[in-house]
Amino acid sequence: MQRGAVAADRLGGGRTVLGGETQGEQGIARLGLVVVDGHAAVDVAQVRDHPAARRIDVGEQTREGVGTDRVMERREVRPVGLGDGGRDQQQGRHGQQASKFVVHSPSMVVYKGKFSTTKSGRSTMTIRCRFAPSPTGNVHIGNMRAAIYNWLFARHHGGQFLLRVEDTDRERSTPEAVQTVLNAMDWLGLTVDEVPMYQSTQRDAHLAAAEQLLTAGRAYKLDKGGTGKGEAILFRMPGSDMTYRDLIKGDQQRPASSPTMSDFVIVRSDGNPVFHLANIVDDINQGITHVIRGDDHVDNTFRHIALIQALGAPVPTYAHLPMIVNQQGKPYSKRDGAAFVGDFQDQGFLADALFNYLVLLGWSPGDDREVLTRDELVTLFTLDRVQSKPAQFDMKKFQWMNSEYIQRSPDAEWSRRFRDAFPEATDDAYLAQVITLMKPRVKVWADIATAAYFFREEFPVDADAYAKRLGTPEARAQLAALTAQYANLPSFDATALETALRTTAESLGLKPADLIHPVRLAVSGQPGGPSLFHLLETIGRNRALNRLNKAIRA
RNA sequence: GCCCCCAUCGUCUAGAGGCCUAGGACACCAGGUUCUCAUCCUGGUAACACCGGUUCGAAUCCGGUUGGGGGUGCCA
């Protein structure tokens with residue numbers, strides 16, 4: 001038995017990942033297994049993405065020991081392609097040494113597995129992901145979710161997250177449109193690890209790749225469709241069946257006869273490179289190891305892999321995300337509501353809330369947690385838990401998520417928001433009291449505006465409610481009786497205010513509520529709001545009496 | 001048309017053959033707390049698309065049906 005570093009991570013649901021590097025004569029191997037409630041079970045899906053043991057593939061597998069109370073699984077596991085993206089690491093190429101591991105979990109369950117080792121000691125592959133938006137002036141939430149998943153994946157694995165601006169459409173790719181992308185990423189805290197690449201600067205590289213393919217006989221010139229526009233350059237597909245493993249959608253395959261496997265244009269007759277060519281050349285040059293993008297690219301992936309192979313470059317790993325849809329199951333668009341990152345920003349939603357919600361739209365940590373910090377998301381995020389079906393954007397749930405983040409905002413943020421809304425708020429102690437009263441009533445920051453009566457004599461008045469509670473001479477007379485009591489209170493505090501109101505109500509033959517509502521309207525103009533007596537105490541005797549007297553005279 | 005993918009409460013999801021009488025969250029409904037609104041607490045309605053097969057046992061595996069979605073450009 002060999003020894004090596006072992007890391008344990010709790011996955012939730014009673015599962016723990018044990019993973020680690022194991023050093024043997026042949027080099028370093030990685031393994032991983034999952035212990036469920038003390039029972040060992042190799043869990044390829046969970047382990048594949050685990051930093052301690054990625055890219056593990058299943059060989060033969062057996063299941064045994066289905067007992068009445070215990071389930072034990074034993075599978076043979078073969079790590080594939082450690083350190084090189086998996087492309088050129090074929091079994092048998094490096095020394096493969098079968099070894100056995102015996103792991104003693106608390107209940108003495110034994111796992112035995114075979115694994116091969118890589119020859120090189122340099123077995124850590126640095127993961128490099130990218131977000132490659134085409135700047136159109138808006139950033140759709142579906143695209144942003146893809147960016148978020150890329151970012152999380154990179155951060156989870158300690159890799160790099162890059163930005164590539166696919167700005168070859170000169171019409172739409174204005175500086176402003178590019179800035180919109182940058183702003184959206186900045187707002188959401190999607191930090192990048194290298195200076196952004198602008199695709200328009202890579203034209204020479206794209207065309208050079210086309211030349212290389214032409215020279216190698218993998219591309220040819222043709223006036224496709226006999227348009228008379230001249231000759232375009234077409235890529236010659238391999239003519240054999242293709243398969244690839246998608247980290248989200250699983251194994252994908254196309255027979256050579258499939259329509260997606262036919263030759264396609266890579267350079268237009270006007271000399272401009274087509275998306276497919278530009279995209280993969282840039283991916284190669286940026287050293288992208290993992291491509292995480294929308295699932296409208298699944299079919300393109302076969303073309304991209306063929307192109308990359310024809311250029312002799314390593315093929316990245318792919319993961320395709322389903323799209324975000326509306327209530328009709330159609331792609332979520334502007335007409336379905338806020339669809340662009342800027343919309344959410346403009347409407348005062350919190351970036352962290354949108355980030356959290358978007359992550360949860362099609363992914364879950366596997367347990368019941370939903371409100372998660374950035375750090376927790378980085379730790380928990382794995383692609384194998386990403387749903388492979390479209391998800392509907394639920395504004396109600398997002399609003400709930402946003403309110404959760406508002407309630408958790410630090411005191412300083414609350415103060416800042418109030419000061420922005422009310423420059424009159426200069427007294428820190430007073431502001432703190434107001435915030436205490438208003439906090440549970442703020443669902444979106446804009447709700448702060450309803451607290452105007454704490455700071456100004458000019459505040460919105462609900463005319464209907466006012467007329468209902470203070471529209472009659474009797475009501476104003478009753479209010480006057482109470483006001484007289486309030487004017488003489490030794491201490492203008494909540495307890496005294498409440499006692500005085502209740503005794504006054506009793507002496508007038510009224511229920512407390514019959515006085516409470518008119519007072520509230522008189523001092524705040526609103527039918528609802530914080531505890532009335534605390535509200536009165538906070539605004540103080542002078543302001544309270546002034547407003548009450550004004551209401552009485554009206 | 002052809003190629004491909006998907007299918008659990010209204011919505012987001014948990015679920016990897018027995019822990020499922022299917023769990024959580026949002027939404028909704030009903031109670032409670034309360035001076036109103038909000039918060040908060042308690043409870044409730046609500047789903048394995050359908051039909052077959054495999055198995056002692058299926059939400060889970062297989063096949064088919066239906067339904068949805070994506071792709072099918074000298075767009076990206």
Side-chain angles (χ1 to χ4, degrees), chain A residues 12-13 36-37 41 43-46 63 66 68-69 71 73 132-134 136 166 168-169 172 222-225 227 229-234 246 249-250 252-255 257-262 264-270 272 274-276 278-279 294-300 320 322-323 325 327-331 357 360-371 385 387-401 403 407 438-443 447 450 465 498 501-502 505 511-517 519-521 524 526-533 535:
Chain A
V36 184
D37 293 328
D43 188 326
V44 175
Q46 295 280 12
R63 200 198 76 199
V66 180
T68 52
D69 59 347
V71 175
E73 292 195 347
S134 160
T136 59
E166 302 209 331
T168 49
D169 181 343
R172 294 206 287 179
L222 177 72
D223 180 3
K224 192 183 179 203
T227 58
K229 284 189 288 186
E231 290 188 320
I233 301 177
L234 277 75
D246 193 295
K249 292 185 169 299
Q252 305 290 314
Q253 63 287 124
R254 295 287 184 281
S257 60
S258 166
T260 71
M261 298 288 281
S262 54
F264 59 97
V265 173
I266 54 176
V267 178
R268 297 188 194 94
S269 52
D270 65 5
N272 287 318
V274 165
F275 158 76
H276 302 293
N279 188 265
D295 69 2
D296 49 331
H297 285 302
V298 169
D299 277 83
N300 289 338
H320 287 95
M323 54 178 53
V325 298
Q327 290 184 0
Q328 286 74 41
K330 303 288 184 188
Y357 180 76
L360 243 37
L361 199 57
W363 176 88
S364 85
D367 55 32
D368 294 338
R369 287 178 291 176
E370 294 196 313
V371 181
R385 295 202 64 86
Q387 211 77 23
S388 65
K389 65 180 179 191
Q392 277 188 34
F393 188 92
D394 183 349
M395 185 52 79
K396 284 271 182 54
K397 182 146 187 175
F398 169 63
Q399 284 169 339
W400 164 79
M401 178 72 78
S403 69
Q407 291 302 315
M438 288 301 296
K439 206 166 183 175
R441 274 157 269 261
V442 175
K443 308 285 261 180
D447 290 341
T450 62
E498 178 162 10
L501 183 139
R502 287 184 186 278
K511 287 179 292 185
D514 295 332
L515 278 179
I516 287 168
H517 292 299
V519 174
R520 178 183 298 284
L521 264 305
S524 77
Q526 302 302 311
S531 157
L532 178 65
F533 306 110
L535 187 163

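In what follows, chains carry the letters A, B, and so on, assigned in the order in which the sequence lines appear, proteins first and then strands, with residues in each chain numbered from 1.
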Problem set entry | Separation of atom CG in A/Leu361 from atom P in B/rU11, rounded to whole Å | 13 Å

Problem set entry | Heavy-atom protein contacts under 4.0 Å, nucleotides 71-76 of chain B, coded B base, S sugar-phosphate only, - none | S--BSB

Seminar exercise, completed: Whole-Å distance, A/Met395 CE to B/rC12 P, equals 15 Å

For this session: Kindly compute the distance separating CG (A/Asn279) from NE2 (A/His297), expressed to the nearest 0.5 Å.
Result: 7.0 Å

Exercise. Sequence neighbours excluded, which residues qualify as ring pair (Phe, Tyr, Trp, His ring centres under 6.0 Å) partners of A/Phe264?
Worked result: A/Phe235, A/His276

For this session: Please state the C1' separation for the pair B/rG31 and B/rU45 - nearest whole angstrom.
Result: 15 Å

Exercise. When the P atoms of B/rU33 and B/rA49 are considered, how many whole Å apart are they?
Worked result: 42 Å

Seminar exercise, completed: B/rG1 -> Watson-Crick or G-U wobble partner, both distances under 3.5 Å, gives B/rU72

Exercise. P atom, B/rG1 versus B/rC12: distance in rounded Å?
Worked result: 27 Å

For this session: May I ask you to verify if any side-chain N or O of A/Ser364 is less than 4.0 angstrom from the OP1 or OP2 atom of B/rA14?
Result: yes

Seminar exercise, completed: Rounded to whole Å, CD of A/Gln392 lies from C1' of B/rG68 at a distance of 11 Å

Exercise. NA contact type, A/Gly329, heavy-atom cut-off 4.0 Å: base, sugar-phosphate, or nothing?
Worked result: sugar-phosphate

Seminar exercise, completed: Any strand, both distances under 3.5 Å, Watson-Crick or G-U wobble: B/rU21 pairs with none

Exercise. Mind checking what makes salt bridge (Lys or Arg N to Asp or Glu O under 4.0 Å) contact with A/Arg441, not counting sequence neighbours?
Worked result: none

Seminar exercise, completed: Separation between CG (A/Asp299) and CD (A/Gln252), nearest 0.5 Å, reads 9.0 Å

Exercise. Which value, in whole Å, describes the distance between the C1' atoms of nucleotides B/rA27 and B/rC9?
Worked result: 11 Å

Exercise. OP1, OP2 of B/rC12 versus side-chain N and O of A/Arg385: anything below 4.0 Å?
Worked result: no

Problem set entry | B/rU11 versus B/rA46 - spacing of their C1' atoms, nearest Å | 12 Å

Seminar exercise, completed: Those residues at least two apart in sequence (or on a different chain) that pass salt bridge (Lys or Arg N to Asp or Glu O under 4.0 Å) with A/Arg520 are none

Exercise. Is the CD atom of A/Glu231 crowded by more than 12 outside heavy atoms at less than 6.0 Å?
Worked result: yes

Exercise. Expressed in whole Å, how much space separates the P atoms belonging to B/rC19 and B/rC29?
Worked result: 34 Å

Exercise. In Å, rounded to the nearest 0.5 Å, how long is the span from CG of A/Leu360 to CE of A/Met401?
Worked result: 5.0 Å

Problem set entry | Distance, nearest 0.5 Å, that separates CZ of A/Arg502 from NZ of A/Lys511 | 12.5 Å

For this session: Find the partner of B/rA49: check Watson-Crick (N1-N3 plus N6-O4 or O6-N4) and G-U wobble (N1-O2, O6-N3) distances, both under 3.5 Å, and reply none if neither fits.
Result: B/rU65

For this session: Return no unless some side-chain N or O of A/Arg441 is found under 4.0 Å from OP1 or OP2 of B/rU36.
Result: no

For this session: Find the distance A/Met401:CE to B/rC12:C1' and express it as a whole number of Å.
Result: 10 Å

Problem set entry | Closest nucleotide among B/rC4, B/rC6, B/rC12 to the A/Lys389 side chain | B/rC6

Problem set entry | P gap between B/rG23 and B/rA38, integer Å | 30 Å

Exercise. Measuring from A/Thr136:OG1 to A/Glu166:CD, what's the distance to the nearest 0.5 Å?
Worked result: 12.5 Å

Exercise. What one-letter contact string describes nucleotides 25-35 of chain B from 5' to 3', where B marks a base within less than 4.0 Å of any protein heavy atom, S marks contact via sugar-phosphate atoms alone, and - marks no contact?
Worked result: BSS-------B

For this session: Please round to the nearest 0.5 Å and tell me the distance separating atom CD of A/Gln327 and atom CG of A/Asp394.
Result: 8.0 Å

Exercise. For A/Arg268, what residues pass the salt bridge (Lys or Arg N to Asp or Glu O under 4.0 Å) criterion, not counting sequence neighbours?
Worked result: none

Exercise. Is B/rA38 paired to anything, Watson-Crick or G-U wobble with both distances less than 3.5 Å, and if yes, which nucleotide?
Worked result: none

Problem set entry | Value in whole Å for how far the C1' atom of B/rG67 lies from NZ of A/Lys330 | 12 Å

Seminar exercise, completed: Taken to the nearest whole Å, CD/A/Gln328 to P/B/rG67 is 19 Å

For this session: In whole angstrom, give the distance that lies between atom CD of A/Gln252 and atom C1' of B/rC5.
Result: 7 Å

Exercise. In the strands shown, is B/rG43 matched to any nucleotide by a Watson-Crick or G-U wobble pair with both distances under 3.5 Å, and which?
Worked result: B/rC29

For this session: Could you give the distance separating B/rU65 and B/rA7 at their C1' atoms, to the nearest angstrom?
Result: 13 Å

Exercise. Would you say a side-chain N or O of A/Gln387 is under 4.0 Å from OP1 or OP2 of B/rA7?
Worked result: no

